[in-house]
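My questions all concern the structure below.
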Amino acid sequence: MKLDRTNKIRAGLLIAALILVSRLFVIQIVDDKYKIDASNNSMVHAVIYPTRGIIYDRNGKILVGNKVAYDMLVTPKEVGEFDTLALCEILEITPEFLREKMDGYYRDRRKIGYRSVTMLTHLPPEIFMKFAEVSYKFPGFRGQARNIRDYPYNAGGNLLGYISEVSADDIRRHPETYKAGDYIGKTGIEATCEEYLKGEKGYQIYLRDSRNRIESRYKDGEMDKEAIPGKDIVTTIDAELQHYGQELMQNKVGSLVAIEPSTGEILTLVSSPGIDVEMLADIGKYYRQIASDPYKPMFNRAVQSAYPPGSVFKLVNGLIGLQEGVLTPDTHYPCSMGYHFGRSKLGCHAHRSPIDLQESIMMSCNAYYCYVLRNILENEKYSSIAEAMDTWNRYVKSFGFGRKLGSDFPSELGGTIPDSRYYDSVYGKGRWKATTVISLSIGQGEIGCTPLHLANLCATMANRGYYYIPHLIRGTDEVSIDPKYYRKQYTLVDTAYFPVMVEGMYRAVNSGYSSGGTATVAAVEGLDICGKTGTAQNPLGDDNSVFICFAPKDDPKIAVAAYVEHGSFGARWAAPIASLLVEKYLNGEISESRRPLETRVLEGNLLDKVNTR
């Protein structure tokens with residue numbers, strides 16, 4: 001019995017040994033992958049960076065392409081004696097810079113190991129070639145060509161975004177994808193589409209000798225891996241229109257956004273002042289200059305500024321009033337230079353009185369919408385003003401306000417729409433009333449929204465009651481987009497109520513100068529532009545100029561929102577800018593009669609009105 005047990009143990013040990021030997025045979029002889037991994041100290045993996053995907057506009061024009069740039073790499077373990085001053089002269093750097101770099105590599109020698117690190121980027125071709133001729137004199141130093149971004153159009157750095165070397169945080173979050181020295185999309189479309197644009201790195205494997213010198217290709221390149229280029233992206237942007245929008249907003253602070261109402265595709269997205277595309281390819285060189293600019297060009301106002309919408313918000317309140325049954329198209333309200341309540345007054349400009357709903361849009365009457373909001377909040381069908389306020393809040397949010405729209409652009413802001421809980425926290429429960437929040441009637445008070453929200457409102461008006469979520473990327477065979485971008489998003493207001501408001505917008509633009517319409521400056525013969533002006537109060541200086549418009553009235557092709565800080569009345573700057581953009585898109589050129597207006601806008605400079613402290 002004892003013998004049988006011993007034999008069993010021996011047999012088990014023999015089987016285990018055979019399994020172990022066979023596994024070692026596979027690892028060391030058959031499967032090269034393990035041999036390569038175990039021999040890293042005797043091998044050099046030279047990274048091959050893929051070509052980053054090209055970014056196209058909606059018409060096939062290149063917004064972002066590629067061109068060749070040169071980097072200087074150092075493998076500290078291979079650096080021998082060299083002429084420091086000669087290298088500095090060739091690379092056009094100072095000895096102090098080189099000494100600082102080499103000291104850093106020495107301190108981090110254990111972490112770096114046999115890897116190569118990037119010492120200089122974006123070397124001019126002439127410097128690269130000068131170094132290549134004498135590179136044998138500088139062991140451990142080598143040049144490497146790679147692709148960097150090229151920008152045929154000034155389509156705005158805030159829209160396109162930039163790429164830069166990965167940070168420690170990027171590596172920590174994506175350890176399998178990025179290594180030190182790699183590049184990643186940081187902002188804009190470059191960040192949104194990083195997974196498609198980046199491609200997949202390749203490598204070539206070289207053997208080292210006993211003195212750590214590169215000796216030969218491993219297995220004649222059999223185990224090398226080719227880089228896989230990034231996928232190309234087709235955007236919804238119109239390159240020519242985006243460029244024109246950049247010109248219109250030059251020397252102004254604000255934003256200009258255009259959407260195709262029938263699809264939700266963003267045609268232009270301008271933030272001004274913005275980052276010049278000439279700086280994007282070498283953002284590291286200009287980063288400090290950009291970051292310290294008092295006009296904050298890195299701040300994308302189109303999706304990150306929470307502005308008061310001003311009088312364009314009257315469209316929303318009017319529609320809610322119609323839906324709630326407290327307003328009809330024939331309802332007339334008086335205006336005596338404003339709305340008077342108690343000893344207070346919310347002012348308005350001079351115009352005829354009383355007026356009906358369409359005229360209230362055409363003339364942008366403040367008093368009219370004070371009556372409308374008060375009737376919404378004091379509606380007897382609600383048990384309290386708090387309940388009515390929360391119903392109003394739900395209506396407003398159905399237009400996309402007070403939340404992120406869900407666009408594919410990074411860092412989108414949700415904005416703010418107040419509710420009863422907010423006012424209870426400020427004034428106490430039951431201690432506020434309709435007149436306490438009367439400024440909401442004209443888009444002031446606690447309302448905050450982005451220019452993208454306003455462009456989306458305009459698209460909703462153009463579609464008579466629904467919108468598509470605004471987006472920048474088009475779906476292709478290689479790049480898929482979320483199905484949500486194809487679905488109609490209806491508001492809580494019946495679509496039957498929209499035509500009367502649209503008619504008011506049409507009259508605001510096309511009724512002639514003596515009509516009292518506030519947007520007649522935006523009229524373009526034959527385009528049937530429908531628009532609404534806004535003048536948003538600004539505690540830091542002149543009022544902000546706001547305007548939304550779409551065209552044509554029937555079967556609209558474009559919806560625009562222009563927001564100009566310190567631009568005064570909506571008709572002063574925002575309306576001309578938006579209408580010029582519409583005219584350029586639909587007609588391809590600006591008519592002779594409107595050239596003086598275009599010149600005024602292009603030459604206009606409002607930067608001195610902005611408080612940069």
Side-chain angles (χ1 to χ4, degrees), residues 32-50 68-148 165-168 171 175 178-183 201-227 284:
D32 276 328
K33 181 180 72 173
Y34 294 95
K35 184 177 181 182
I36 293 170
D37 289 344
S39 305
N40 271 333
N41 285 344
S42 64
M43 293 181 179
V44 178
H45 286 67
V47 176
I48 304 171
Y49 287 98
V68 177
Y70 303 95
D71 296 341
M72 179 58 59
L73 306 185
V74 182
T75 309
K77 286 274 189 179
E78 296 177 357
V79 174
E81 292 185 1
F82 67 93
D83 187 333
T84 303
L85 293 179
L87 182 61
C88 290
E89 185 178 343
I90 292 169
L91 299 179
E92 296 183 5
I93 57 176
T94 64
E96 290 75 21
F97 174 85
L98 181 58
R99 190 178 301 114
E100 182 182 339
K101 286 288 186 181
M102 298 309 296
D103 288 345
Y105 300 149
Y106 181 77
R107 287 193 302 270
D108 297 334
R109 60 190 181 280
R110 290 187 177 180
K111 184 166 56 176
I112 295 173
Y114 288 94
R115 289 188 298 109
S116 298
V117 292
T118 304
M119 187 178 81
L120 293 170
T121 61
H122 297 86
L123 285 177
E126 58 272 17
I127 291 180
F128 179 80
M129 295 306 297
K130 193 192 306 183
F131 171 80
E133 292 173 358
V134 294
S135 60
Y136 65 92
K137 295 181 179 180
F138 305 100
F141 293 85
R142 63 185 175 89
Q144 177 175 276
R146 65 178 175 86
N147 289 309
I148 63 170
E165 193 169 338
V166 292
S167 65
I171 296 172
Y178 300 105
K179 306 296 180 188
D182 290 350
Y183 283 74
K201 289 178 292 185
Y203 52 79
Q204 293 175 332
I205 306 174
Y206 297 88
L207 289 172
R208 298 177 187 272
D209 63 15
S210 59
R211 296 185 180 181
N212 289 325
R213 295 175 301 191
I214 292 178
E215 192 174 55
S216 62
R217 295 281 290 278
Y218 177 70
K219 281 198 169 185
D220 294 325
E222 183 182 328
M223 303 301 293
D224 292 350
K225 177 185 175 183
E226 290 188 10

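The analysis underlying the following values was restricted to heavy atoms, covering all of them including side chains, and did not include hydrogens, waters or symmetry mates. For clarity, every value in this text was computed on a predicted model and none was experimentally measured.
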Those residues at least two apart in sequence (or on a different chain) that pass side-chain contact (heavy atoms from CB on, under 4.5 Å) with Asp224 are Gln204, Ile205, Arg217
Listed partners of Tyr178 passing ring pair (Phe, Tyr, Trp, His ring centres under 6.0 Å), at least two apart =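 With neighbours one apart ignored, the set is His174.
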Does the side chain of Lys201 reach to within under 4.5 Å of the side chain of Lys179, using non-hydrogen atoms?
-> yes
For Tyr218 and Met223, work out which heavy atoms get closest and say how close.
->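 In this case the closest contact between Tyr218 and Met223 is CE2-CG, 3.6 Å.
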Do Phe141 and Leu87 touch side chain to side chain, with heavy atoms closer than 4.5 Å?
-> yes
What donor-acceptor contacts under 3.5 angstrom involve side-chain atoms of residues 116-139, with partners at least two apart or in another chain?
| from | atom 1 | to | atom 2 | distance (Å) |
| --- | --- | --- | --- | --- |
| Ser116 | OG | Thr75 | OG1 | 2.5 |
| Ser116 | OG | Arg142 | NH2 | 3.4 |
| His122 | ND1 | Asp282 | OD1 | 3.4 |
| His122 | NE2 | Ala281 | O | 2.7 |
| Ser135 | OG | Ala132 | O | 3.4 |

Pair up each side-chain donor or acceptor in residues 91-109 with any protein partner under 3.5 Å, not counting sequence neighbours, and list the distances.
| from | atom 1 | to | atom 2 | distance (Å) |
| --- | --- | --- | --- | --- |
| Thr94 | OG1 | Phe97 | N | 3.1 |
| Arg109 | NH1 | Tyr106 | O | 2.7 |

Separation of Asp71 CG from Glu165 CD (nearest 0.5 Å) = 8.5 Å
By side-chain hydrogen bond (donor to acceptor under 3.5 Å, both in side chains) - contacts of Tyr49 (at least two apart) =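 By the side-chain hydrogen bond (donor to acceptor under 3.5 Å, both in side chains) rule, Tyr49 matches Asp182.
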Who are the salt bridge (Lys or Arg N to Asp or Glu O under 4.0 Å) partners of Lys225, not counting sequence neighbours?
->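 Partners of Lys225 under the salt bridge (Lys or Arg N to Asp or Glu O under 4.0 Å) test: Glu200.
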Taking all atoms of both residues into account, what is the closest heavy-atom pair of Val68 and Ala145, and its distance?
->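 Distance-wise, the nearest heavy atoms are CG1-CB, 4.2 Å.
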